[in-house]
Amino acid sequence: MTTTETPLDAAASALSLYEQMWLIRLFEEQALDLFRRGLIRGTVHPSIGQEAIAVGVCSVLRSSDGVLSTYRGHGHCIAKGADVRRMMAELMARRDGYCKGKGGSMHLCDPDIGYLGANGIVGAGMPIAGGVALSMRLQSRDDVAVCFFGDGASNQGVFHETANMAAIWKLPLVLVCENNGYGLSVPTSYACSITDIARRAGGYGFPGWSVDGNDLPAVLEITKTAVARARAGEGPGLIECKTYRWERHSALSRTYHVDPTDATNWSRHDPIERFGKWLVQKGWLDEPIDNQTRQRAAQIVSEAVEFATGSDEAPSLEALSDVYDNVI
Amino acid sequence: MTTTETPLDAAASALSLYEQMWLIRLFEEQALDLFRRGLIRGTVHPSIGQEAIAVGVCSVLRSSDGVLSTYRGHGHCIAKGADVRRMMAELMARRDGYCKGKGGSMHLCDPDIGYLGANGIVGAGMPIAGGVALSMRLQSRDDVAVCFFGDGASNQGVFHETANMAAIWKLPLVLVCENNGYGLSVPTSYACSITDIARRAGGYGFPGWSVDGNDLPAVLEITKTAVARARAGEGPGLIECKTYRWERHSALSRTYHVDPTDATNWSRHDPIERFGKWLVQKGWLDEPIDNQTRQRAAQIVSEAVEFATGSDEAPSLEALSDVYDNVI
Amino acid sequence: MSMTMLSEPNIVPSAKKELTFAQALNESLREAMTRDPSVFLMGEDIGPYGGLFRVTEGLYQEFGSQRVLDTPITEQAIIGFGVGAAMVGSRPIVELQFSDFMALAMDQIVNQAAKARYMSGGQLSVPLIIRTPVGTGLGSQHTQSLEAWLMHVPGLHIAMPATPYDAMGLLRTALELNDPVLFLEHSMLYSTRGEVPVDPYKVPFGEARIVRQGSDVTVIAVSSGVTVAAKVADELAAEQGVSVEVIDPRTLAPFDMATIVASVQKTNRAIVFHQACRTCGIGAEIGQRIMEEAFDYLDAPVTRVAARDVPNPQAKSLEMVVLPSEQDLKRAINSVLYRSPA
Amino acid sequence: MSMTMLSEPNIVPSAKKELTFAQALNESLREAMTRDPSVFLMGEDIGPYGGLFRVTEGLYQEFGSQRVLDTPITEQAIIGFGVGAAMVGSRPIVELQFSDFMALAMDQIVNQAAKARYMSGGQLSVPLIIRTPVGTGLGSQHTQSLEAWLMHVPGLHIAMPATPYDAMGLLRTALELNDPVLFLEHSMLYSTRGEVPVDPYKVPFGEARIVRQGSDVTVIAVSSGVTVAAKVADELAAEQGVSVEVIDPRTLAPFDMATIVASVQKTNRAIVFHQACRTCGIGAEIGQRIMEEAFDYLDAPVTRVAARDVPNPQAKSLEMVVLPSEQDLKRAINSVLYRSPA
Ligand SMILES: Cc1ncc(C[n+]2csc(CCOP(=O)(O)OP(=O)(O)O)c2C)c(N)n1
Ligand SMILES: Cc1ncc(C[n+]2csc(CCOP(=O)(O)OP(=O)(O)O)c2C)c(N)n1
Ligand SMILES: [Mg+2]
Ligand SMILES: [Mg+2]
């Protein structure tokens, strides 16, 4: 695709983004259900309500671009092109999971498509993404590295260190902050000293953009700009996507929102519904297509569950492998 | 002193600042000499050329205000009111040193005057200062905490974390960045993504000021403003003092400046000379007074060396004490 | 109150109540904050939410936002702020949400908190308590047992309570120490119940608890391992007539070596049981010290029952292989007794 | 080249040259960068300045600013960037200016670099080398020996070379490993000289070196302690006729236990000598493992000669008390031999 084209220029590609959003939504609803039924161990951090960011951002990436993500990363993983069956198998701790059951939801990973890993440590993906960007530069690739992280993570020291280092080296790094209003139980308005996290880019001399994170075309557009700059060697950028976390922090958490009516209000901004309307306006979506899309997504998810269920539980002996590569 | 008065309003207090600057300069020249002669172990990080910052900032502080400093901290220590004899004894690893020889130059400390310690870890004093400020608030004291740190330290993650936390809690914290153009061998222009570090304050929603760090009255004035805000509960501030490191990084380092003519140019901005001229213009300084001032400073330093030399070397058994307070 | 008891020795024995481990901690925190205005709490989600494991529940509501401070997610600064506040007269009790996150704050814990007193020649004190859970079941980055790192660092106190009684009593003592205390709480323990006296009591640091007397072999267990060891001991007594002495050091620094040595002098055999990785875990230190101090009494090498040297996997089927089990402990006991397992 | 040698066994033995420890590292780095374009260097003051201990001297000038990267003073990001770059095909060699600063980067070292392969089920590799000096003489925050922390973490390789020969040979091997390597260099060693073959050679990880044969007692020493131990051994041989075997494990992970066990089976006595604090140092692990694997051969408890459990003081008169000395080692040797020192 040329610099000007986007997946929003044609019905087929736009609809495939829509389907991706549904796939994420249904995958996570399914995962929460499996957790409740005791079929997933550990926990699950749903990104329900934030699907436009994952899909919007990843829609302008190549598979050779690198993505670093978080425990709230199913959406990024799916949008980057992962095999949903192997994802589900990993959540269910099966041999055919991406990480053979060693990682689980928090450590999903598929390097072949440039999905370089979710992360259980808030903020830790940022310098790793910086290093990926550095390596791309050293290899003279025009690929970029993208790091997803939360509003809470934007206060971590590594954010600052990474931003500064990426700036002085003008690295092809795009920092995508999903500002969903909370870090676990703590409101962003309490924990973060400024309202627009994008403004922090000013402290490093690169551009920062705040965007409505529930508006897929808007997210996509800004990402295109940031990624194009990065590919062209013009250095890093920071995109803040304002969104909302509908669900509890993770399947293990107590329900908690400072203002419970918030959630209701935000659900009116359902990113999927909004993108659906956009597609309808374009004349690309009608009810039958909509139904088909959802059904296809649902089908993929249920096939994933079937696949995972049919896979053996992670075999005991695997516990001791993959600590080192070399047997010296 | 009321909010409007400063030590610059009267000859005596202004001259005492001038004397402090000389004391710092001569103390450090002496320390470097002692190091060269093998009488100081470890190393010595001189702040020669940066005296206006230490003296200017500390001149508006009370002894109940807390100061956190760095390995390049002799100036801050002296300006906060420390006993130069015990400082020298510490550098020379004597029993009567501030830390009984355990700390040395890098860990000078005198809590009684609010000098809460130099630090060997770049940036580590910042969150500690934040905690001091927090405790002052919790104790309903109107004291402030001041943290000195370098341009290099401004890139450390803790800078960001501290700034954000101090901002959301509106703590009485004044961050003083001594931008001396280098972090060890690395030019600030290379390592730091923006020219005016003070601009980073914008990322936290509190004020930042860049000031000529070799101009004592300017430093003092800005500090007054920042400290007054902090005392009044208006939250933290960041002061960037532009200055220059004349000497090598530490007595152990190879000489290194990217542009050696830099140093020559900067020496024209000798903060002591400049403040001397200011005093002359005020009519408060003439040659005899100048000479007396220097002689007094020199006298204090040589008494300090005498004191230190007369003190026993740190007694072996002391090595094992002060690990814990409580013997349980 | 305990003073009163001493002067009235004939009244009814001190009343008891049952609490969970989390409640015991919660009560000690409430009590400390009530008694001492210099105590305050700081950490992630410890405010209105009450802490991930409910240890601070209700305290925000009771003591307000100035003394129960929710923090941003910035572990290094959280500890650093604790260090600074402790230096100037406060007694911060800081929570790290998982002990794995110590890795983000080791500079403040090790280079600052632990060394401030020493480097300053005794001028500075850092009476900072860091509470943090150790766990299982959440994968490689949320289940590490890193107490050996801490035990390697002079200047730190380390508590690893195994019961509500010890949790409460050790926390009371921790609040009287003038040096940093790492208070390691196993997440599997939070909901366990136990009796604690209604009257205030303390558990000293550096005093091991003999959980169960025995004569054949000494098992040194910590934290959540103590109950497991006691259970195994009971089973072995019943099933095989083996008499196991179980000792819980309760604190790792200071460390009560005397009680362990006395036990080994009696049993002539020792096993250390812990959830941390085997290599360079505390089992190495304890085993080595037993060898140093009771060499002539040992009839078998001190043996470690510990986690395999791999990161902790998420899958249960894998984690079971990695973590030391009751079976592993039984096997080890039989092995040091040179018996074939029944 | 060594291949050539093998096929021409009768030519003159490989030529040697004398290098300092720092030069040996410098040459290996140059060689690696020349051979492998994926290798790059990153760290504080490693560029034009050439590194605090001159290990990277000349490399910036030779390979340019894209492959020899001076960094800001941000340890966590330095390691994190190394992790990321290593994941996608680069081979970063990162310098931490002092190993104490690992405390700032433990999350990236332990939670990321060490576990990436495992958590991803073997999909990710992190071939990252972290070089960092251990030292003395610079006070509490610049002289810690923290190798035991690292040895406790599965997924890391750890090298502690004691000679220019090993520094060069181990670094060459490190460059072929696909997992993170911690390369710990003692600052007192940098200027020491030694012979190295002109032809390329490698020193494998996990193969201890018997520095000196002996029959009365085995001393396991690492890093700068190896020369000290060898000297003490020579002196004791001359002065008291005691025959000391000195073993340098060279790498802590993997760890060559077999060589040590074989030695102890011969000498029946062992001492571990290291600069790190005694408690929970590597001496505990090594001692414990000797007990586990050679219990019946031991005529005395394995003994540790290590630093006292206090932070390192700045004053020489104090540091001498804290760090283990030649005298301490001699005393310990006599003690395990149940001899009164001459
Ligand atoms: C270093 C670290 N600290 C704390 C946690 C526990 N924790 C996991 S997610 C989370 C909230 C993160 O908030 P944010 O960055 O806004 O991302 P979100 O969860 O909202 O997507 C916390 C506190 C962690 N995993 N890692
Ligand atoms: C965490 C850490 N990293 C590196 C060092 C080594 N070091 C000491 S001072 C210094 C330069 C600091 O530069 P800057 O903050 O500008 O302060 P300056 O020395 O110029 O006063 C470096 C790299 C250290 N002491 N601590
Ligand atoms: Mg959030
Ligand atoms: Mg500087």
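As a basis for the values below, the full set of heavy atoms in this structure was taken, side chains included, without hydrogen atoms, waters or symmetry mates. Each chain gets a letter, A, B and so on, in the order the sequences are listed, and its residues count up from 1.
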When D:Ser140, D:Ala77, D:Ala315, D:Gly50 are compared by non-hydrogen pairs under 4.5 Å with chain B, the top option: D:Ala315
Atom group of B:His107 that falls short of 4.5 Å from chain D, counting heavy atoms: side chain
Choice from B:Ala93, B:Gly157, B:Gly104, B:Ala314 maximising heavy atom contacts with chain D below 4.5 Å: B:Ala314
Residue pair D:Asp45 / B:Ser185, side-chain donor-acceptor N/O under 3.5 Å: yes
Close side-chain approach of B:Lys102 and D:Leu318, heavy atoms under 4.5 Å: yes
Structural part of B:Thr188 lying under 4.5 Å from a heavy atom of chain D: neither
Part of B:Leu317 lying under 4.5 Å from any heavy atom of chain D: neither
Spacing of B:Tyr71 atom OH and D:Gln141 atom CD [to the nearest 0.5 Å]: 12.0 Å
Top of D:Arg308, D:Gln314, D:Gln76 for chain B proximity - count of heavy-atom pairs under 4.5 angstrom: D:Gln314
Contact origin within B:Asp322 toward chain D - heavy atom pairs under 4.5 Å: neither
All pairs passing salt bridge (Lys or Arg N to Asp or Glu O under 4.0 Å) where residues 65-83 of chain D contributes a residue, at least two apart: none
Top of D:Gly51, D:Gly47, D:Pro311 for chain B proximity - count of heavy-atom pairs under 4.5 angstrom: D:Gly51
Partner chain B: residue of D:Val322, D:Leu52, D:Val321 with the largest heavy-atom pair count (under 4.5 Å): D:Val321
Among the listed options D:Pro48, D:Gly139, D:Ala103, the residue most often paired with chain B at heavy-atom distances under 4.5 Å: D:Pro48
Worked verdict on D:Lys316 versus B:Glu313 for salt bridge (charged side-chain N to carboxylate O under 4.0 Å, His left out): CA-CA 9 Å; D:Lys316 179 145 197 176; B:Glu313 78 172 358; over 6 Å; no
pair D:Leu138-B:Leu252: side-chain heavy atoms closer than 4.5 Å: yes
Proximal component of B:Val323, with respect to chain D [non-hydrogen, under 4.5 Å]: side chain
Selection from B:Val158, B:Val122, B:Ile121 maximising heavy-atom pairs under 4.5 Å formed with chain D: B:Ile121
Sub-4.5 Å side-chain heavy-atom contact between B:Leu184 and D:Gln97: yes
4.5 Å side-chain heavy-atom contact, B:Leu320 and D:Asp309: no
Over all atoms of both residues, closest heavy-atom pair of D:Ile73 and B:Gly183: CD1-CA, 4.4 Å
Flag side-chain contact, heavy atom, 4.5 Å: B:Arg254 against D:Arg54: yes
Segment of D:Phe101 engaging chain B (4.5 angstrom heavy-atom cut-off): side chain
D:Leu104 portion near chain B, given a 4.5 angstrom heavy-atom threshold: side chain
